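Accompanying notes for the structure given below.
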Amino acid sequence: MSASRILRVPNRIEELAGVSEAVETLGREEAWAPDVSYGVVLALEELATNVVRHGGEEEGASEIEIEVVSTDEEVRVEVRDKGKPFDPFREAPAPNIDAALEDRKIGGLGVHIVKALMDEAFYRREGGRNHVTMVKRRS
Amino acid sequence: MNVQAEHHDEVLLAKVEGRVDSSNSQDFERQLQGAIGEDVKAVVIDLGQLAYISSAGLRVVLLVAKTLGQRNVSISLCALSDPVQSVFEISGFNRIIQIYDTQADALAAAGK
């Protein structure tokens, strides 16, 4: 079984709940395990939120394109945006997850969660857009 | 998403339902802060009905835990589903906030 979807949404936080719903629906149709569905939806929210908040484009003025490809072996998600060049896997500062409560910094967990949940995650700049790709294996 | 507060003597139990993501995390913060209020000795947050949380929600939990820590109010979480538990573990929150399997365990520990 395989299926794919391309979603295009304005770069606004309020649009992202609809993206999550669409991806969950695809996951049900393609019989993803619950942890695969949770991980893919979560990783996608983290990356898309970063694009909206830190992409350098005025909110609502640009577009985020998301492609999800589901096969029997894996789920592959690509997030594309026209924001400033930014490789989240190299340039986002790592959070100190071993710090004591009073020393823990607020925020900065999104990319860390993506790396931990996904089997592969990589970045390329192509055609004036950021392309962030994530792969979650289904077994 | 919805937060309901229950008072168990001096322990405040906040029950969170639904999804917490980047689109409603500010509302989550308002509801959670509102539920906790001023006059409590301990706070237990029951996440048994929390279907989904992303880093936007974790940010709120950390913020609340830090604030309570400064006030010497204890905080614990309970009844996390497996996916929610794994997000808390990935983020290292299980090392800075006490997590109990059940609400009863959390309330018993908080009431001591």
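Throughout, a chain's letter reflects where its sequence line sits, starting with A, and its residues are numbered from 1. Quick caveat, the model's predicted, so the values are computed rather than measured.
The candidate from B/R59, B/K66, B/R95 with the greatest count of non-hydrogen atom pairs under 4.5 Å with chain A is B/K66. Counting heavy-atom pairs under 4.5 Å between each of B/G69, B/A51, B/S23, B/P83 and chain A puts B/P83 at the top. Per-residue heavy-atom pair counts under 4.5 Å with chain B were compared for A/E15, A/E14, A/E45, and the maximum is reached by A/E45. Ranked by non-hydrogen atom pairs under 4.5 Å with chain B, the options A/I113, A/I13, A/L101, A/L109 are led by A/L101.
Both the backbone and the side chain of A/V41 come within contact range of chain B, judged by heavy atoms closer than 4.5 Å. A/N96 does not touch chain B: none of its heavy atoms, backbone or side chain, sits under 4.5 Å away. In this structure, the portions of B/L62 lying under 4.5 Å from any heavy atom of chain A include both its backbone and its side chain. Using a 4.5 Å cut-off between heavy atoms, A/A43 makes no contact with chain B at all. For A/E102, the part lying under 4.5 angstrom from a heavy atom of chain B is the backbone only. Only the side chain of B/V87 has a heavy atom closer than 4.5 Å to any heavy atom of chain A. Of the two parts of A/D103, only the backbone, made up of N, CA, C and O, holds a non-hydrogen atom closer than 4.5 Å to a non-hydrogen atom of chain B. Residue contact with chain B, scored on non-hydrogen atoms closer than 4.5 Å, is absent for A/R12. For a residue to count as touching a neighbouring chain, one of its non-hydrogen atoms must lie under 4.5 Å from one of that chain's; by this rule A/K115 does not touch chain B.
Side-chain polar atoms of A/S2 and A/T71 form no donor-acceptor pair below 3.5 angstrom.
With hydrogens and angles disregarded, a donor-acceptor distance shorter than 3.5 Å links the side chain of B/N24 to the backbone of B/D21. Side chain of A/E57 to backbone of A/S62: no donor-acceptor contact under 3.5 angstrom is found. With hydrogens and angles disregarded, a donor-acceptor distance shorter than 3.5 Å links the side chain of A/E91 to the backbone of A/D87. At distances below 3.5 Å, at least one donor-acceptor pair connects side-chain atoms of A/Y123 with backbone N or O atoms of A/F86.
Look at A/E78 and A/R80 and you find a salt bridge, because one of the NZ, NE, NH1 or NH2 atoms lies within 4.0 Å of a carboxylate O, short of that distance. Salt-bridge annotation for B/K15 and B/E6: present, with a side-chain N of the basic residue lying under 4.0 Å from a carboxylate O of the acidic one.
Between B/A110 and B/V44, the shortest heavy-atom contact is CB-CG2, 3.8 Å.
Between A/N130 and the choices A/R124, A/K82, A/R125, the side-chain hydrogen bond (donor to acceptor under 3.5 Å, both in side chains) rule is met once, by A/R125.
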